[in-house]
Amino acid sequence: MDQKLQLWFTELQTDDMALSCRVKKTLHQEETPFQSLAVLDTEQFGRMLVLDNVIQTTVRDEFVYHEMMAHVALNTHALPKKVLVIGGGDGGVVREVVKHRSVEKVVHCEIDGAVIEASRKYLPEISCALDDPRVDIVIDDGIKHVREHKKTYDVIIVDSTDPVGPAEGLFSASFYRSIYEALNEDGLFVAQTESPFFNRDLIPRLYKDISAVFPVTRLFLACVPTYPGGLWTFTMGSKRYDPLEVDIAGIPQMDTKYYSPAVHRSCFVLPPFVEELLVQGGR
Ligand code: SPD
């Protein structure tokens with residue numbers, strides 16, 4: 001009989017639903033000034049970053065989220081040179097952004113330096129591009145950073161935690177206005193916007209707030225097994241370019257496992273229960 005240790009990490013994904021993973025080893029645990037931080041080695045998903053008891057990323061499924069956060073936006077912009085990544089201290093989005101040859105500078109603004117340090121040590125395959133010469137790491141509040149940088153970026157990627165505690169302000173109408181001002185005249189941004197099953201009030205509100213500021217607003221989907229419900233939404237606000245009008249035949253060959261030119265198109269095909277959220281959001 002299998003005598004594996006019965007040590008489990010459980011994330012309460014809603015008040016009434018949990019995801020549990022068997023833990024091989026706790027690699028790191030600390031209380032930072034912002035949150036509780038843990039890196040666990042799990043049987044199912046390998047090493048996993050957990051903030052305030054919520055799974056942020058794992059070495060086995062991270063590629064889906066990080067590729068979709070980066071490439072849909074960067075392949076929508078005609079020539080992205082200067083990119084801002086807010087949050088995402090594990091470095092996964094930055095690793096994908098630097099795959100784009102047009103990108104000259106990536107400013108990575110993370111409020112909690114401890115996330116970067118733990119990721120460098122325990123998640124090297126995710127954080128591996130943080131030392132790329134094009135990357136500037138800034139330990140600061142992303143809200144403050146965008147307010148202080150007008151007309152600076154071509155693409156802004158908001159890789160936040162869930163909209164509670166420190167990340168709440170990253171889901172606000174005033175933040176979207178600041179992002180608009182921080183972008184160049186043909187700039188665009190993308191944010192992770194949570195679960196279409198469990199955040200049915202939040203998503204229409206975000207869609208409405210982003211549409212109030214950006215002429216082009218699009219929501220797309222990807223499957224992330226460790227996030228609540230497994231299906232995840234991302235919302236793009238753009239001043240000029242429409243991701244649906246991208247000539248996917250012109251997307252260069254990329255080293256990716258989830259994103260592809262065909263996925264660039266198909267991720268915007270929404271099931272009716274997701275479409276309904278956009279109608280509620282005023283589309
Ligand atoms: N429910 C968890 C959502 C977390 C989204 N951000 C993850 C950060 C990974 N770089």
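Counting starts at 1 for both ligands and their atoms, in listed order. Along the sequence shown, residues are numbered consecutively beginning with 1.
- Ring-plane geometry between Tyr258 and Phe63 is classed as tilted, the angle between the planes lying from 30 to 60 degrees on a 0 to 90 degree scale.
- Sorted by first and then second residue, the pairs that involve residues 59-83 and meet salt bridge (charged side-chain N to carboxylate O under 4.0 Å, His left out), not counting sequence neighbours, are Glu62-Arg95.
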I'd like the atom pairs linking ligand 1 to the protein - N or O on both sides, separation under 3.5 Å - with distances to 0.1 Å.
residue, atom, partner, partner atom, Å
ligand 1, 1 (N), Asp162, OD1, 2.9
ligand 1, 1 (N), Asp162, OD2, 3.1
ligand 1, 6 (N), Tyr65, OH, 3.1
ligand 1, 6 (N), Asp159, OD1, 3.3
ligand 1, 6 (N), Ser160, O, 2.8
ligand 1, 10 (N), His66, NE2, 2.8
ligand 1, 10 (N), Asp90, OD1, 3.2
ligand 1, 10 (N), Asp90, OD2, 2.6
ligand 1, 10 (N), Asp159, OD2, 2.7

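- Residues in residues 38-51 take part in these side-chain hydrogen bond (donor to acceptor under 3.5 Å, both in side chains) pairs, two or more places apart or across chains: Arg47-Glu125.
- Side-chain contact annotation: Gln192 with Trp232, donor-acceptor N/O pair under 3.5 Å present.
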In residues 262-278, what donor-acceptor pairs under 3.5 Å come from side-chain atoms, sequence neighbours left out?
residue, atom, partner, partner atom, Å
His264, ND1, Tyr259, OH, 2.8
His264, NE2, Pro243, O, 3.2
Arg265, NH2, Val246, O, 2.9
Ser266, OG, Ala262, O, 3.3
Glu275, OE1, Arg283, NH1, 2.8
Glu275, OE1, Arg283, NH2, 2.7

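- Figure legend: Lys239 and Tyr180 shown as a cation-pi pair, the cationic atom lying under 6.0 angstrom from the six-membered ring centre and within 45 degrees of its axis.
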